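In this text, all values refer to a predicted model and were calculated from it rather than measured experimentally. Read the numbers this way: they start at 1 and go in the same order the structure lists the ligands and their atoms. Only heavy atoms go into these numbers, but all of them, side chains included; no hydrogens, no water, no symmetry mates.
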Amino acid sequence: MSSTDVFGNFIGGSFSPASDVLPNINPSDLSDVIGEYGHSSVEEANAAVAAASAAAPGWANSTPQERFDILDAIGTEILARKEEIGHMLAREEGKTLPEGIGETNRAGQIFKYFAGEALRPGGEKIPSIRPNVDVEIIRQPIGVVGIITPWNFPIAIPAWKIAPALCFGNSVVFKPAEISPACGWLLADIISRSGLPEGVFNMVSGSGREVGNVFVNHPDVAGISFTGSQAVGHQVATQCVARQAKVQLEMGGKNPLVVLDDANLETAVNVAVNGAYFSTGQRCTASSRLIVTDGIHDQFVERVIEAIKGLKVGNALAEGTQIGPVVSDDQLGKNLEYVEIGKSEGATLAWGGERLSLETEGYYQAPALFTDTSPEMRINTEEIFGPVASVIRVQGYEEALAVANDTEFGLSSGICTTSLGYARDFQKRAEAGMVMVNLPTAGVDYHVPFGGRKGSSYGSREQGAYAAEFYTTVKTSYISS
Ligand code: NAD
C-alpha cells in the first residue's frame, strides 16, 4: 500500500469514493502515511441508512443456513489473513504485532461463533392458561442497526457488534473510529466478498459529529450499539431514548486490581504489569488502580518497578517490542498532563511517565507507576487511557474492597489472592460487570457476555448468547386452533 492510496465507503453493495479524506498516520512512525480514508458527509451517511433500510426486509427473511454460510466465510477470510490484517492494526493503532494478530484472530473467531449461533435460533412454544390456545415466543431482528466504534480495538469491537447484528437478521450501518479506519475498511472489503446481499452491510468512515450523529438520530435506525467515551456515550443515549431507539453503550473504566498479603507475588506482579501496561494501557479493562495491602506492598512495588524498567517500548512493528506507542498526539498530551496532575496532587512518580524519543518519530511514552496515592486523587478517579497506573496502600481486605468499589465506573475488577474465601467474597461484592481472580483485569473470552455496571455501561450485554437481547425484539403470539 503506498501513501497515495485512497479508501472510500461501502454503501449499497459497492465501494465509492468519499466526499473528503483524511490521512491515516502510523503512531510509531509519523512519516508513514498509511493511506487517505473517508471523512464523509451527512449525505453519505444518509445514503448508507437508505441502503440498509431497503435491504432490511430481505435479510430479515434469510435462512439460518444463509446466515451461517456468510458469517463463516467472513470468519474464514479474517483468520486466513490474520497476519496481514494484524500488521495493519499494529501499524495504524500502535498495538504490538503479536497483539494485532491476536486481536484479528479474535475477530475471526467471533464471526465463526456467530455463524454457529445463526444455526441455533431460539423460540418457545408453551400452553396458554386458556384452553385450545398455544403461546409462541420468538425473537425477530430489530431492523437497521447503527454501529459506532472506538479506535482501540479497531477490528475486534466492530466484529463483536457486526457479527451478532447480521446473525440475528439485522442490516448494518457502521462507522469506524477516525483514528483507525483501515481495519474497518479491510473488514468491509472482506464482507463485500462474502455473498451478503447488497445493502445489508454498509460502512461510512468519518467523524462522530457528522456520520455518527446521522446514525444516532435517523428515524430508520432502530438501535445504536456504541463503544467509546462516557461523554459521547451519554449524548448518544439521550438522543436514542428521546426517539425510543434501542441503545447499548460500553464506555470507560477505572479498573481496580486488589493484591492481598496472601497473593502469590510473582502472579500478582505479572497480572498487574500485563493488565496496566500491555496494549499501552489503552484498554477499557486496563488496571489503573493497584490496591495493595500493607504486608505485601513494598515487595510488590519493588517487583513491579523492576518489571516495567525491563519492558521494551518501541515501534509496534519491530520484533521484541512489548509496549507500542500511544495512539495519537492528543492522547499522549492527555497522558503527560495526568502525570503532572499526579505529581501536583502529591503522589510519588516511582517510575516512567516521560515522552521517549526513539529511532522513528512517534508518540512513545515510558510506562508510569505512581505510589503513595490516595483514592480521591484525580489520577485515581478519572480514566486516563494510557500506560499510567497507581498504587493505593490499604490495611486489609475490607478496605481494599471498599476502595475498589469507590468509583463511578464498574467494568472489570480483579483480585490476586490464594484464599478461596476472599476470592469468592470479592466475586460476590465487586461492583463490576466482570471479575478476575489471579488474572489481569483485561483479556476476555469471546463466547461469553462482556460489559460493565454503573458509569461503564448501559443497556444489555454484548457478546456470546447474551448479544441476542440487543439485536432482537421478542414477539409473543397466541394461536387458537
Ligand atoms: P470516543 O467517544 O471519542 O469515540 C467513539 C466513537 O464515537 C468514534 O467512532 C467517534 O467518531 C464517535 N463519536 C464521537 N462523537 C459522536 C457523536 N456526537 N455522535 C455519534 N458518534 C460520535 O471514544 P474513543 O476515544 O474512540 O475511545 C476511547 C474510549 O472508549 C475510552 O473511554 C474507552 O474506555 C472506551 N472503550 C470502552 C470499551 C468497552 O467495551 N467498555 C472498549 C473500548 C474502548
Side-chain angles (χ1 to χ4, degrees), residues 22 37-40 42 45 92-95 103 106 146-161 173-181 183-184 203-218 221 224-240 245 247-255 279-288 326-335 382-386 407-412 432-434 441-444 446 449-463 467 470:
L22 285 176
Y37 287 80
H39 183 63
S40 308
V42 166
E92 77 165 347
E93 196 269 349
K95 280 199 172 84
E103 184 184 328
R106 182 164 166 211
I147 290 175
I148 301 175
T149 56
W151 49 263
N152 67 326
F153 282 93
I155 191 126
I157 293 180
W160 82 51
K161 294 178 188 293
V173 289
F174 161 51
K175 189 197 87 60
E178 297 98 308
I179 301 180
S180 52
C183 287
M203 184 217 57
V204 182
S205 45
S207 75
R209 271 169 216 269
E210 283 156 306
V211 178
N213 196 46
V214 167
F215 294 172
V216 170
N217 290 295
H218 202 297
V221 176
I224 293 285
S225 183
F226 168 90
T227 300
S229 62
Q230 241 191 349
V232 176
H234 284 164
Q235 196 180 327
V236 167
T238 306
Q239 291 167 323
C240 286
V247 63
Q248 172 183 62
L249 309 176
E250 287 301 339
M251 301 170 289
K254 194 70 196 168
N255 308 292
S279 299
T280 322
Q282 298 176 148
R283 295 184 286 189
C284 50
T285 46
S287 319
S288 57
V326 172
V327 75
S328 67
D329 199 23
D330 270 5
Q331 185 64 50
L332 177 61
K334 195 177 145 200
N335 298 351
E382 298 172 16
E383 184 184 47
I384 300 175
F385 218 54
T407 166
E408 64 174 300
F409 296 103
L411 192 54
S412 181
M434 294 172 291
T441 53
V444 295
Y446 63 86
F450 176 93
R453 294 186 185 178
K454 302 200 281 190
S456 290
S457 302
Y458 180 74
S460 52
R461 286 284 186 269
E462 300 204 71
Q463 302 200 59
F470 178 75

* To do: Carefully, step by step, assess Q248 and S460 under the rule side chain to side chain contact (heavy atoms under 4.5 Å, CB included).
  => CA-CA 6 Å; Q248 172 183 62; S460 52; 4.1 Å; yes

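- If you look at Q235 next to ligand 1, the close heavy atoms, those under 4.0 Å, all belong to the side chain.
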* Taking it one step at a time, do C284 and M251 satisfy side chain to side chain contact (heavy atoms under 4.5 Å, CB included)? -> CA-CA 7 Å; C284 50; M251 301 170 289; over 6 Å; no

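- Residues S225 and E250 form no side-chain contact, since every pair of their non-hydrogen atoms from C-beta on lies 4.5 Å or further apart.
- Between L411 and S457, some side-chain heavy-atom pair lies under the 4.5 Å cut-off.
- Scanning all protein heavy atoms for the shortest distance to atom 31 (C) of ligand 1 gives E383 OE1, 3.5 Å.
- Scored by the salt bridge (charged side-chain N to carboxylate O under 4.0 Å, His left out) test, E462 finds K161 as partners (sequence neighbours excluded).
- For the side chain to side chain contact (heavy atoms under 4.5 Å, CB included) criterion with E408, the lone passing option out of K454, Q230, K254 is Q230.
- Of all the atoms in ligand 1, the ones that sit under 4.0 Å from a non-hydrogen atom of K175 are 8 (C), 9 (O), 10 (C), 11 (O).
- Of the N or O atoms in E178, one or more lie within a sub-3.5 Å distance of an N or O in ligand 1.
- Side-chain contact check for Q235 versus V216: every heavy-atom pair is 4.5 Å or farther apart.
- The shortest N/O to N/O separation between G228 and ligand 1 falls below 3.5 Å.
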* How far apart are the C-alpha atoms of I155 and E93, what are their side-chain angles, what is the distance that settles it, and do they pass the side chain to side chain contact (heavy atoms under 4.5 Å, CB included) test? -> CA-CA 11 Å; I155 191 126; E93 196 269 349; over 6 Å; no

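- Taking distance alone, with nitrogen or oxygen atoms compared against 3.5 Å, W151 approaches ligand 1 more closely than that limit.
- Counting only heavy atoms of the protein, atom 38 (C) of ligand 1 lies nearest to C284 SG, 2.9 Å.
- Checked by atom type, the side-chain pair T441/S412 shows no donor-acceptor distance below 3.5 Å.
- Both the backbone and the side chain of T227 come within 4.0 Å of ligand 1, counting heavy atoms alone.
- Residue, atom and distance of the protein heavy atom nearest to atom 17 (C) of ligand 1 are G208 O, 3.5 Å.
- Annotation: side chain of K175 is not in contact with side chain of V204 (no heavy-atom distance under 4.5 Å).
- Distances from atom 15 (N) of ligand 1 to the heavy atoms of I157, V232, I384 show the closest one on V232.
- Of all atoms in ligand 1, numbered sequentially from 1 with element shown, those under 4.0 Å from a heavy atom of L411 are 41 (N).
- Within 6.0 Å of the CZ atom in F450, the count of heavy atoms belonging to other residues, nucleotides or ligands exceeds 12.
- Using a 4.0 Å cut-off to heavy atoms of N213, the atoms of ligand 1 that qualify are 19 (N), 20 (C).
- Checking S328 against Q331 by side-chain atom types alone, no donor-acceptor pair falls below 3.5 Å.
- With a heavy-atom cut-off of 4.0 Å, I179 does not touch ligand 1 at all.
- Within the 4.0 Å heavy-atom criterion, the part of T149 lying near ligand 1 is the backbone and not the side chain.
- Polar contact check, W160 against ligand 1: no nitrogen or oxygen pair lies under 3.5 Å apart.
- Ligand 1 places these atoms under 4.0 Å from at least one heavy atom of I148: 6 (C), 7 (O), 9 (O), 12 (C), 20 (C), 21 (N).
- Neither the backbone nor the side chain of Q230 has any atom closer than 4.0 Å to an atom of ligand 1 (non-hydrogen atoms only).
- V327 places none of its side-chain heavy atoms less than 4.5 Å from the side chain of N152.
- Only the backbone of M251 comes within contact range of ligand 1, with a heavy atom under 4.0 Å; no side-chain atom does.
- Of all the heavy atoms of F450, the ones lying under 4.0 Å from any atom of ligand 1 belong exclusively to the side chain.
- Of all protein heavy atoms, the one closest to atom 27 (O) of ligand 1 is P150 CB, 3.3 Å.
- Distance from atom 44 (C) of ligand 1 to its nearest protein heavy atom, with residue and atom name: N152 OD1, 3.2 Å.
- Scanning F385, F174, F409 for the heavy atom closest to atom 33 (C) of ligand 1 points to F385.
- There is no protein heavy atom closer than 4.0 angstrom to atom 4 (O) of ligand 1.
- Across A177, G212, S229, G433, heavy-atom proximity to atom 1 (P) of ligand 1 is greatest for S229.
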* To do: Given side chain to side chain contact (heavy atoms under 4.5 Å, CB included), test S205 with V211 step by step and report yes or no.
  => CA-CA 7 Å; S205 45; V211 178; over 6 Å; no

